[in-house]
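Here the structure is a predicted model, which is why all the values come from computation and not from measurement.
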Amino acid sequence: MPEFAVRPARTQDVRAIRDIIEPYVAERILLGKELVTLYEAVPEFRVAETPDGEIVGIGALHVIWEDLGEVRTLAAKSDWRGRGIGHAVVDRLEADARALGLSRLFCLTFETDFFAKLGYTVMAGGAVDPELYAELLRSQDEGVAEFLDLARVKQNTLGNTRMIKHL
């Protein structure tokens with residue numbers, strides 16, 4: 001029997017998702033999210049669950065544009081790190097992205113080696129043409145602002161690296 005399976009999140013998973021995120025927030029690796037924000041994002045989340053129902057890892061896919069999405073909030077419980085959870089969750093998020101018609105995925109991460117092994121590369125300069133840039137500027141989503149590397153969200157990036165993968 002596998003150690004865990006990746007499945008779509010449900011509302012009853014939100015407190016477990018928050019509990020996985022909190023230690024990373026304390027270390028300034030992830031940004032904190034209000035509980036209401038996590039509930040609003042339930043459809044975006046995938047969770048890694050053990051056969052006995054323990055949530056041991058999480059990740060989310062957020063659509064930014066018709067061909068572009070963001071891998072967000074990828075994390076595993078500390079005692080489960082290094083056991084393939086991140087890779088399995090990203091694989092699922094990438095499959096979900098393809099099913100939605102996305103062809104590029106962006107992430108903002110400290111884990112550049114991990115994402116590089118999965119085919120992500122460091123973003124250099126602008127990743128979109130000026131017309132799309134102007135459209136994306138209208139978004140209120142902080143992830144879009146981070147993707148665009150806007151000055152107003154520099155404090156949110158925590159020193160992370162912007163990476164992208166073409167699916």
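- The two residues Thr73 and Ile21 have their closest heavy-atom pair at CG2-CD1, 3.4 Å.
- Note that NZ of Lys33 is 15.5 Å distant from OH of Tyr39, once rounded to the nearest 0.5 Å.
- In summary, of the residues considered (Thr161, Val71, Ile164), a side chain to side chain contact (heavy atoms under 4.5 Å, CB included) with Tyr120 occurs for Val71 alone.
- Note that CD of Glu54 is 6.5 Å distant from CH2 of Trp80, once rounded to the nearest 0.5 Å.
- A donor-acceptor contact shorter than 3.5 Å links the side chain of Lys165 to the backbone of Leu118.
- Of all non-hydrogen atoms in Val47 and Ala9, the two that sit nearest each other are CG1-CB, 4.0 Å.
- Asp13 and Arg18 are not joined by a salt bridge, as no carboxylate oxygen comes within less than 4.0 angstrom of a charged side-chain nitrogen.
- Of all non-hydrogen atoms in Glu44 and Leu93, the two that sit nearest each other are O-CD2, 4.3 Å.
- Remark: Arg92 engages Asp96 in a side-chain hydrogen bond (donor to acceptor under 3.5 Å, both in side chains) (not counting sequence neighbours).
- Atom CH2 of residue Trp65 and atom CD of residue Glu70 lie 16.0 Å apart, to the nearest 0.5 angstrom.
- Atom-to-atom distance recorded for Leu108:CG and Leu30:CG is 10.0 Å, nearest 0.5 angstrom.
- Every residue two or more places apart in sequence or in another chain was checked for a side-chain hydrogen bond (donor to acceptor under 3.5 Å, both in side chains) with Asp19, and none qualifies.
- Taking CD1 of Ile20 as the reference point, atom NZ of Lys77 lies at 6.0 Å (rounded to 0.5 Å).
- Shown here for Ala48 and Ile85, the closest heavy-atom pair between the two residues is CB-CG2, 3.8 Å.
- Without hydrogens or angle criteria, Tyr24 side chain to Ala76 main chain gives a donor-acceptor distance under 3.5 Å.
- To the nearest 0.5 Å, atom CZ of residue Arg46 and atom CD1 of residue Ile58 are 13.0 Å apart.
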Working for side-chain contact (heavy atoms from CB on, under 4.5 Å), residues Phe4 and Glu49: CA-CA 5 Å; Phe4 61 88; Glu49 181 180 39; 6.0 Å; no
